[in-house]
S.K.: 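What follows is a structure written as structure tokens; I'll ask about it next.
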Amino acid sequence: QITGSIQAVQDAIIKKDQRLSKAMVHSGSLHVTMLVMHLSNEEEISIAVGALSDSKDFVEDLLKGKNVDLSFKGIDHFRNEVGFVKLSENDHTAILTEIAETMKKIFQEKGILAGEGRAFKPHLTFMKLSKSTQLRKQV
């Protein structure tokens, strides 16, 4: 249902401007962003992989086998460059926030600057102008 609705939004945008088809996130790549970070070399990537692995046990322990049910409503953007679907507030949003904060702490303890002071704003990206530098200049 979520991916179908996102596809409908993407189709409507492309109908208005065909060039934006290059900026769309494919349905198989849709995800909720938990952390944003810059990894500048192979060593940092390796450390980040370890941190992600370490966070897995915490997440599994927190969830205790339960699913996190997320609802989405409305769209917004970051700096007119990223289009995303907004997450609706519910009981599961608090769990998601706790997971993100703990992951951030684990990454920072390993020397990876994750989140860098940004507030956690869970979102589901459906369009990124950064997918095409030419498009970024045109639109």
S.K.: To the nearest 0.5 Å, what is the distance between CD on Glu81 and NZ on Lys128?
M.R.: 11.0 Å
S.K.: Is there a path of hydrophobic side-chain contacts, each under 4.5 Å between heavy atoms of I/L/V/M/F/W/Y residues, joining Val25 to Phe84?
M.R.: no
S.K.: Test your reading of the model: is there a side-chain donor-acceptor pair from Glu44 to the backbone of Ser40, 3.5 Å cut-off?
M.R.: yes
S.K.: Find out whether Ile14 and Arg19 are in side-chain contact, i.e. whether some heavy atom of one side chain is under 4.5 Å from a heavy atom of the other.
M.R.: no
S.K.: To the nearest 0.5 Å, what is the distance between CD1 on Ile13 and NZ on Lys16?
M.R.: 11.0 Å
S.K.: Do the non-hydrogen side-chain atoms of Phe107 and Met37 ever get within less than 4.5 Å of each other?
M.R.: yes
S.K.: If you measure from CG on Asp54 to CD on Glu109, what distance do you get to the nearest 0.5 Å?
M.R.: 9.5 Å
S.K.: Can you tell me if Ser53 uses its side chain to pair, donor with acceptor, with the backbone of Val49 under 3.5 Å?
M.R.: no
S.K.: Indicate yes or no for a side-chain donor-acceptor contact from Thr102 to the backbone of Ser55 under 3.5 Å, with no hydrogens or angles considered.
M.R.: no
S.K.: With the 4.5 Å side-chain cut-off for hydrophobic clustering, are Leu35 and Phe58 part of the same group?
M.R.: yes
S.K.: When you measure from the side chain of His31 to the backbone of Ser29, do you find a donor-acceptor pair of N or O atoms at a distance under 3.5 Å?
M.R.: yes
S.K.: Just wondering, do Met34 and Leu96 contact through their side chains at under 4.5 Å, heavy atoms?
M.R.: yes
S.K.: Kindly state whether the ring of Phe78 and the ring of His123 have centres lying under 6.0 angstrom apart.
M.R.: yes
S.K.: Taking all non-hydrogen atoms of both residues, which atom of Ile106 and which atom of Ala51 are closest, and how far apart?
M.R.: CG2-O, 3.6 Å
S.K.: Would you call Glu101 and Lys105 a salt bridge, using N to O less than 4.0 angstrom?
M.R.: no
S.K.: Where the side chain of Gln10 meets the backbone of Phe126, is there a donor-acceptor pair that is under 3.5 Å apart?
M.R.: yes
S.K.: Count I, L, V, M, F, W, Y as connected when their side-chain heavy atoms are under 4.5 Å apart, and connections chain through other members. Are Ile47 and Leu39 then in the same cluster?
M.R.: yes
S.K.: Verify the cluster assignment for Val68 and Val85: are they in a single hydrophobic cluster under the rule of side-chain heavy atoms below 4.5 Å apart?
M.R.: yes
S.K.: Show the numbers, then the answer: is there a side chain to side chain contact (heavy atoms under 4.5 Å, CB included) between Thr33 and Lys121?
M.R.: CA-CA 8 Å; Thr33 301; Lys121 185 172 183 172; over 6 Å; no
S.K.: If every non-hydrogen atom of Pro122 is compared with every non-hydrogen atom of Val32, which pair is closest and at what distance?
M.R.: CB-CG1, 4.0 Å
S.K.: Check whether any side-chain heavy atom of Leu124 sits under 4.5 Å from a side-chain heavy atom of Leu70, and report yes or no.
M.R.: no
S.K.: Can you tell me how far apart CG (Leu30) and CD1 (Ile2) are? Round to the nearest 0.5 Å.
M.R.: 9.5 Å
S.K.: If only atom types and distance count, is the side chain of His77 paired as donor or acceptor with the main-chain N or O of Asn80 below 3.5 Å?
M.R.: yes
S.K.: Say whether, by atom type as modelled, one donor and one acceptor occur between the side chain of Ser46 and the main chain of Glu42 under 3.5 angstrom.
M.R.: no
S.K.: Which pair of heavy atoms, one from Ser71 and one from Leu87, lies closest together, and at what distance?
M.R.: O-CD1, 3.3 Å
S.K.: Please check this pair: side chain of Asn67 against backbone of Asp69, looking for a donor-acceptor N/O pair closer than 3.5 Å.
M.R.: no
S.K.: Within this structure, what is the OG1-CD1 distance for the pair Thr125 and Ile6, rounded to the nearest 0.5 Å?
M.R.: 9.5 Å
S.K.: Do Val9 and Met24 share a hydrophobic cluster (ILVMFWY, side-chain heavy atoms under 4.5 Å, transitive)?
M.R.: yes
S.K.: Which distance, rounded to the nearest 0.5 Å, do you find between the NZ of Lys104 and the CD1 of Ile99?
M.R.: 15.5 Å
